[in-house]
Amino acid sequence: METLINKDKYGQDYVSRDYLLQFVDITKIFKSGHVRNYALDKVNLSIKAGDSLAIVGESGSGKSTLGLVAVNLLKPNSGKIMFEGNDISKLRGSALRSFRRYTQMVFQDPYSSLNPYNTVYQSVSAPMKANMAYYESLIGEKVDSRDKQRAKVAEMLDMVGLVPGENFLDLFPKKLSGGQRQRVALARSLMLRPKLIVADEPTSMLDVSISAQVLNLLARLKRELKFSIMYISHELGTSNYISENMAVMNLGRVVEYGPSEEITSRPMHPYTDILIKSMLEVGGFKTEEPLAKIDFSQYNGGMVGCTFAHSCPFVTDVCLKQRPLLEKVDGDHSVACFHPLSH
Ligand code: ADP
Ligand code: MG
């Protein structure tokens, strides 16, 4: 594979073969009438093999869009997604099938992610059955009878904490709680031992105690099965727990990136700082009233300056006229701000 050494406009060095996933200059625009909504505005991010990345930000900041683009369920208007050094828009045939096995998505709503007419066994066995030769080579044994297939699915259910797994095989989703459904969805997504799980607010619809159990499970499975997680959330606390790195998004742009611990303890972008403080006050982001107020109809060509300029206490002229680039400030800690906070 060719070695692509590059330094993009936003300050991230990359050697693509070292990375599992890279977003290179990703822009996604949703048009509604004459209004162009920049859901993603030149996003540059990368995840090293084995590492995890949390995407945090208020509702509407582009997190879900980024997740969908990552697994090729949504095409960006420009930019490219590199998976193990290959541009995913160019994958065809067996390379595309491999990519689909390696990347899996877990959605927010456990009540709509399972087909109500399929039993747990039918849902969880589907990826295995559709890729049997691949599955057999993965686990190094033949799975050529229904009994063996049921045993493999039961094993996976055990792994996600549905114990004993065989008791769950013939149940329909309506018999399961939200937490149990999310475990089934997770079991299905792990059947082919993916390299990357994109989890879009996987516990936000669960009760607090159940949510903590599912997060613990996710963290344990990640260690045991050694997959990477792109963990999308509007909560900094759980993101910090699941993922070593964090990207903070504001209105389609990454405004801060770095080790989760650093970002939550020493935020450099005024937006991140306010986000953390508002979270401490209300126990979650105030989704009903955004911290950064923008009328997109005024920015049809995309915003010129910083997306947070109109709400920022430290705004100066340059913030309104020029886009701040995501630049490394301290070790791996990057911030897109002309006036980063110092600690
Ligand atoms: P988040 O997950 O952070 O809440 P989203 O990625 O869902 O944010 O949305 C980012 C922006 O894109 C929002 O302004 C949202 O309204 C818009 N958007 C998302 N999906 C669509 C869509 N399918 N059609 C039109 N606009 C969309
Ligand atoms: Mg979302």
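One-based numbering, in listed order, for ligands and for the atoms of each.
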Original post:
What closest approach, in Å, do Phe99 and Val71 show between heavy atoms, and which atom pair accounts for it?
Top reply: CE2-O, 3.8 Å
Original post:
For ligand 1, which atoms have a heavy atom of Ser59 less than 4.0 angstrom away?
Top reply: 4 (O)
**OP:** Please determine, by modelled atom types, if Thr307 and Asn250 share a side-chain donor-acceptor pair under 3.5 angstrom.
**Re:** yes
Original post:
Where do Met156 and Leu190 come nearest, in terms of heavy atoms and distance?
Top reply: CE-O, 3.5 Å
**OP:** State the atoms of ligand 1, each with its element, that fall below the 4.0 Å cut-off from a heavy-atom position in Ser61.
**Re:** 1 (P), 3 (O), 8 (O)
**OP:** Give the ring-plane orientation class for Tyr102 versus Phe83, where under 30° counts as parallel, over 60° as perpendicular and anything between as tilted.
**Re:** parallel
Subject >> Sub-4.0 Å heavy-atom contact, Gly57 with ligand 1 >> reply: no
Subject >> Atoms in ligand 1 with a heavy atom of Glu58 nearer than 4.0 Å >> reply: 3 (O)
Subject >> Metal site the Mg ion (ligand 2): N/O/S of Gln108 inside 2.8 Å >> reply: no
Subject >> Polar proximity ligand 1 side, Gly60 side, N/O cut 3.5 Å exclusive >> reply: yes
**OP:** Flag the pair Asp41 and Lys28 as a salt bridge only when some basic side-chain nitrogen lies within less than 4.0 angstrom of an acidic carboxylate oxygen.
**Re:** no
**OP:** May I ask you to identify, for Leu66, whether its side chain, its backbone, both or neither come under 4.0 Å of ligand 1 on a heavy-atom basis?
**Re:** neither
**OP:** Report yes if some N/O of Gly62 lies less than 3.5 Å from some N/O of ligand 1; otherwise report no.
**Re:** yes
Subject >> Cationic N near anionic O, under 4.0 Å, Lys152 to Glu141 >> reply: yes
